[in-house]
Colleague: 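The following block contains the structure, expressed as structure tokens.
Values below: all heavy atoms of this structure, side chains included; hydrogens, waters and symmetry mates excluded. Per chain, numbering begins at 1; letters A, B, ... match sequence-line order.
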Amino acid sequence: MNIYRTHNCNEVRASNSDEKVTLSGWIHKKRDHGNLVFIDLRDNYGMTQCVVQKDSSHFEEIEKLKLETVIKITGSCIKRAADAINAELDTGEMEVVVDSMEVLGTCGELPMPVFSDQEYSEDIRLKYRFLDLRRKKIHQNIILRSKVISFIRDKMSQLGFLEFQTPILTASSPEGARDFLVPSRLNPGKFYALPQAPQQFKQLIMVAGFDKYFQIAPCFRDEDARADRSPGEFYQLDIEMSFVEQEDIFTILEKLMNDVFSQFSKKKIISKVFPRISYDDALLKYGTDKPDLRNPLIIYDTTDLFLSEEVKFEIFKKLIKQGSLVRAIKTTKTSEQPRSFFDGIDKWAKEQGASGLAYLTIENNNNVLSGKGPIGKLFSEAAIKELMKLCEAEVGDSIFFACGKKSEVEKLSAIARDKIANELKLIDENTFAFCWIVDYPMFEQDPVTNKIDFSHNPFSIPQGKTENIDFDNPLNIKAYQYDIVCNGIELSSGAIRNHKPELMYKLFGIAGYSKDQVDDKFSGMINALSYGAPPHGGIAPGLDRIVMLLADEKNIREVTMFPMNQGAQDLMMNAPSDVTDQQLKELNLKKIK
RNA sequence: GGGGGUGUAGCUCAGUUGGUUAGAGCGCUGGCCUGUCACGCUAGAGGUCGCGAGUUCGAGUCUCGUCACUCCCGCCA
């Protein structure tokens, strides 16, 4: 028999009446009545109330124990009186009358309480993460994370995928994020890099003929943190498949996401088949390539209307002639909204650094259509009719207008769409709205330097037959590149890969890489592609973000066991830290300062 | 690198227009209490008001600088 426990702290039930039991756990809470002490004993599984009577030989010792001390108790499990039952506890019908007690782990004064629903500052939580993790909500989040990973592993195996590990020490690559570097002792002056993702390896696994691969893969990127982005490291469900087209990937992922999200959340998935939205459409209709489709508002382009004689809005006309666009957001049945609602949105837009949001509400006065609001009178009836057609609007609807250069107006209209929907409470928090964003451009142009670079992954394959691709206008080339977005959060991106070396050289050439550079920087890949590479593609959903959505958390640290802070420091382990001169010498490194 | 927010007891916070000895709850220490489950009652300890300058007769409060944490932009799948 185990010396520490016969039952865990969530096990005793009425059926255990009068049994002798041994429990071990943490003192969660103590209620000292002077001649009677109640102890809530907690472990991973739950809580059991223990009672110590005055006549117990351990009474005085137990009275003095601090919260969070780890103890072992042995005693009789007895049924509580009817009026003493605690319905909120699984073990609430029972209590254990303590005969003997042993302290297994002492506890000093706590820097932060475990028993409390209060919020604590991040530094204290991270420094004493082991205490923080005892607290219920985050404890459950971490357990959820574990269950999600197990579930995914199961599903992937069932679907015929094989799980492989790929190297953690690998080569630095010029694309993408900043690398974490690791100096090589045996190769003085040279460095390994931690993988930003197992991108090249998973493609090599396909070239090696394994057909379907997955991995819960650690990824390392030396970039600044955000609430939904850990500094340094995060996990992806990395997937790659051979002999597939985009639709094959979509089928697998839709099944997986539907299974995972319906298994671990009560929220409703709005559409089991995820809508497909082209990148260009997404930017027009939502102003972003990660739209929250729970938000019903849609953005319309009304630039041409403002150029017409029927609209007398001179400021916008002038801006349009200088290259600006006008985008409109329609809200339905908002004619009854108070003036403060509209002005509030306008004021908010100005706080965002925009020149504001113009607005009008469509009215019908004696069968004459007109616009109400500050700019309403600048619209003729014909203009109102045209506007209604453009924005699919009806009498009683309101329309907000943003004007600016393409990227500015997209940005403003995107956040305005969120803001307005929140004000009008249009977002159903109890749903998941997935979508695919497809048809990403292969290249993009830096607005400052005009340099053409890959917009996403350089290993994606362009759409269409190679001989039909318009290499002279690279910005028009679309790739089989796609993202999954859920509730406005980008969950993953993937692509059908380019498995043709000649085409790859050509595309890298457009981005300014010579053949020699490609051979040098991507030697493993490019070499492999010339020895019989299957067509292949994949995707890599962010695991941390999936768990965030399932746990309904806004911050990635709430689903990460031992996260670093925003400054990329581990306050508990004191990383990063100084190292000895001897260590540096072995690595052939010298500090500059 | 830039912008916003926060920083007062071990923890979470309050602190009025700049005015006497800086408060509350939890925790801690002591006393009382046999049915609590946020136990109750009672007494007490605990403060470089992030740090440094400045203004002022007087600064937790105002000004400047600085540091830490956090959110956002840049950056990043």
Colleague: Hunt down the Watson-Crick or G-U wobble partner of B:A14, both distances under 3.5 Å, from any strand shown, or write none.
Modeller: none

Colleague: For B:U63, give its Watson-Crick or G-U wobble partner with both distances under 3.5 Å, or none.
Modeller: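 Check on B:U63: paired to B:A53, both distances under 3.5 Å.
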
Colleague: Any side-chain N or O of A:N555 below 4.0 angstrom from OP1/OP2 of B:U70?
Modeller: no

Colleague: Could you measure between the two P atoms, the one in B:G50 and the one in B:C13, and give it in whole Å?
Modeller: 14 Å

Colleague: So which nucleotide from B:G35, B:C37, B:U29 ends up closest to the side chain of A:E95?
Modeller: B:G35

Colleague: Donor-acceptor pair under 3.5 Å: do we get one between A:D83's side chain and the base of B:G35?
Modeller: no

Colleague: Find the partner of B:U6: check Watson-Crick (N1-N3 plus N6-O4 or O6-N4) and G-U wobble (N1-O2, O6-N3) distances, both under 3.5 Å, and reply none if neither fits.
Modeller: B:A68

Colleague: For B:G74, does OP1 or OP2 lie under 4.0 Å from any side-chain N or O of A:K411?
Modeller: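 Looking at the OP1 and OP2 atoms of B:G74, one of them is under 4.0 Å from a side-chain N or O of A:K411.
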
Colleague: Can you tell me how far C1' in B:G2 sits from the matching atom in B:U17, rounded to whole Å?
Modeller: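 So the two C1' atoms sit 35 Å from each other.
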
Colleague: Searching all strands shown, indicate the nucleotide that pairs with B:C37 (Watson-Crick or G-U wobble; both distances under 3.5 Å).
Modeller: none

Colleague: Expressed as a whole number of angstroms, how long is the span from A:W348:CH2 to B:C72:C1'?
Modeller: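 After rounding, the gap between these two atoms is 14 Å.
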
Colleague: Taking the nucleotide of RNA chain B with the nearest heavy atom to each, does A:A197 or A:L571 sit closer to the 5' end?
Modeller: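 On the 5' side of the pair lies A:L571.
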
Colleague: Can you check whether A:K29 has a side-chain N or O nearer than 4.0 Å to OP1 or OP2 of B:C39?
Modeller: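 Affirmative; the distance criterion is met.
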
Colleague: Rounded to the nearest Å, what distance is computed from the CG atom of residue A:D224 to the C1' atom of nucleotide B:G74?
Modeller: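 Interatomic distance, CG of A:D224 to C1' of B:G74: 9 Å.
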
Colleague: Between B:U12, B:C72, B:C76, which nucleotide has the shortest distance from any of its atoms to the side chain of A:A227?
Modeller: B:C72

Colleague: Would you mind telling me which of B:G35, B:C33, B:C75 lies closest to the side-chain atoms of A:L36?
Modeller: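 For the A:L36 side chain, the nearest candidate turns out to be B:G35.
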
Colleague: From CG of A:D483 over to P of B:C76, roughly how many Å is that when rounded to an integer?
Modeller: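 After rounding, the reported distance stands at 15 Å.
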
Colleague: Tell me: NE2 of A:H33 to C1' of B:C39, nearest whole Å?
Modeller: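 In whole Å, B:C39 C1' lies 5 Å from A:H33 NE2.
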
Colleague: Closest approach to the side chain of A:D123, judged atom by atom: which nucleotide of B:G35, B:C69, B:U12 is it?
Modeller: B:C69

Colleague: Could you tell me if A:D292 and A:Y286 have a donor-acceptor pair between their side chains, going purely by distance under 3.5 Å?
Modeller: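 No, no side-chain donor-acceptor pair sits under 3.5 Å.
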
Colleague: For a quick check of understanding: with a heavy-atom distance under 4.0 Å over all strands, which category does A:F38 fall into, base, sugar-phosphate or nothing?
Modeller: base

Colleague: With no hydrogens and no angle check, do the side chains of A:D439 and A:Q463 hold a donor and an acceptor under 3.5 Å apart?
Modeller: yes

Colleague: Side chain of A:E119, base of B:U12: donor and acceptor closer than 3.5 Å?
Modeller: no

Colleague: Under 3.5 Å for both donor-acceptor distances, Watson-Crick or wobble: does B:A43 have a partner, and if so which one?
Modeller: B:U29

Colleague: Is any side-chain heavy atom of A:M94 closer than 4.5 Å to one of A:K79?
Modeller: yes

Colleague: Take the protein atom CG of A:L110 and the nucleotide atom C1' of B:G10, then report the distance between them rounded to whole Å.
Modeller: 9 Å

Colleague: Rounded to the Å, how far apart are A:I27 CD1 and B:U36 P?
Modeller: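 The answer, rounded to whole Å, is 21 Å.
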
Colleague: Determine whether a donor-acceptor pair (one donor, one acceptor, N or O, separation below 3.5 Å) exists between the side chain of A:N86 and the base of B:C37.
Modeller: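 When only heavy-atom distances are counted, A:N86 does reach the base of B:C37 through a donor-acceptor pair under 3.5 Å.
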
Colleague: Return the pairing partner of B:G1 with a 3.5 Å limit on both distances, Watson-Crick or G-U wobble; otherwise return none.
Modeller: B:C73

Colleague: Are the side chains of A:P462 and A:K478 in contact, using a 4.5 Å heavy-atom criterion?
Modeller: no

Colleague: With respect to the phosphate group of B:C39, does any side-chain polar atom (N or O) of A:R31 fall under 4.0 Å of OP1 or OP2?
Modeller: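 Answer is yes, contact under 4.0 Å.
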
Colleague: Quick one, A:E61 and A:V103 - any side-chain contact, counting heavy atoms below 4.5 Å?
Modeller: yes

Colleague: Aromatic rings A:Y513 and A:F508: how do their planes relate, parallel, tilted or perpendicular, breaks at 30° and 60°?
Modeller: perpendicular

Colleague: So does A:S121 get a side-chain nitrogen or oxygen closer than 4.0 Å to the phosphate oxygens (OP1/OP2) of B:C11?
Modeller: no

Colleague: Donor-acceptor pair under 3.5 Å: do we get one between A:R80's side chain and the base of B:C37?
Modeller: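 Answer is yes: a donor-acceptor pair is held.
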
Colleague: Tell me whether the side-chain N or O atoms of A:R125 pair up with the base of B:C69 as donor and acceptor below 3.5 Å, since no angle test is needed here.
Modeller: no

Colleague: Roughly how many Å is it from CG in A:L65 to P in B:G27, rounded to a whole number?
Modeller: 16 Å

Colleague: Using the C1' atoms only, state how far B:U61 lies from B:U8, rounded to an integer number of Å.
Modeller: 11 Å

Colleague: Between B:G15 and B:G25, how far apart are the C1' atoms? Round to whole Å, please.
Modeller: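 Straight-line distance between the two C1' atoms is 15 Å.
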
Colleague: Ignoring the backbone of A:E122, work out which of B:C69, B:U12, B:C33 is nearest its side chain.
Modeller: B:C69

Colleague: If you only use heavy atoms from C-beta on, which nucleotide in B:A68, B:C76, B:C28 is closest to the side chain of A:K66?
Modeller: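 Closest nucleotide among those given: B:C28.
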
Colleague: Just the rounded figure in Å: distance from P of B:G10 to NZ of A:K127.
Modeller: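 Atom NZ in A:K127 sits about 13 Å away from atom P in B:G10.
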
Colleague: What interatomic distance, in whole Å, is found between P of B:A22 and the corresponding atom of B:U29?
Modeller: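 Going atom to atom, P in each nucleotide, I get 26 Å.
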
Colleague: Between A:R153 and A:F214, is any pair of side-chain heavy atoms under 4.5 Å apart?
Modeller: yes

Colleague: Of the listed nucleotides (B:G35, B:C28, B:C33), which one gets closest to any side-chain atom of A:A84?
Modeller: B:G35

Colleague: May I ask you to say what A:G542 touches in the nucleic acid, namely base, sugar-phosphate or nothing, with a heavy-atom cut-off under 4.0 Å?
Modeller: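 The answer is nothing, as A:G542 stays clear of every strand by at least 4.0 Å.
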
Colleague: Between A:R557 and B:C71, is there a contact of a side-chain N or O with OP1 or OP2 at under 4.0 Å?
Modeller: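 For B:C71, OP1/OP2 do have a side-chain N/O of A:R557 under 4.0 Å.
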
Colleague: With no hydrogens and no angle check, do the side chains of A:E19 and A:N16 hold a donor and an acceptor under 3.5 Å apart?
Modeller: yes

Colleague: Expressed in whole Å, how much space separates the C1' atoms belonging to B:U42 and B:C33?
Modeller: 11 Å

Colleague: Quick check on A:E60: does its CD atom have over 12 non-hydrogen neighbours (other residues, nucleotides or ligands) under 6.0 Å away?
Modeller: no

Colleague: What nucleic acid atoms does A:L89 come within less than 4.0 Å of, heavy atoms only: base, sugar-phosphate, or nothing?
Modeller: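 No contact.
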
Colleague: Could you measure between the two P atoms, the one in B:U66 and the one in B:G1, and give it in whole Å?
Modeller: 13 Å

Colleague: Between B:U36, B:G74, B:U70, spot the one nearest the side chain of A:N565, thanks.
Modeller: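 Between B:U36, B:G74, B:U70, the one nearest the side chain of A:N565 would be B:U70.
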
Colleague: With rounding to whole Å, what would you report as the distance between B:A9 and B:U70 at their C1' atoms?
Modeller: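 Those two atoms are separated by 23 Å.
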
Colleague: Looking at A:R226, does any N or O in its side chain come under 4.0 Å of the phosphate oxygens OP1/OP2 on B:C73?
Modeller: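 For B:C73, OP1 or OP2 has a side-chain N or O of A:R226 closer than 4.0 Å.
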
Colleague: Kindly point out which of B:U70, B:G27, B:C76 is positioned nearest to the side chain of A:Q566?
Modeller: B:U70

Colleague: From the list B:C69, B:C28, B:G35, which nucleotide is the closest neighbour of the side chain of A:Q569?
Modeller: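 Of all the options, the side chain of A:Q569 is nearest to B:C69.
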
Colleague: Show your reasoning for whether ring pair (Phe, Tyr, Trp, His ring centres under 6.0 Å) applies to A:F522 and A:F459.
Modeller: CA-CA 10 Å; A:F522 305 100; A:F459 304 122; 5.4 Å; yes

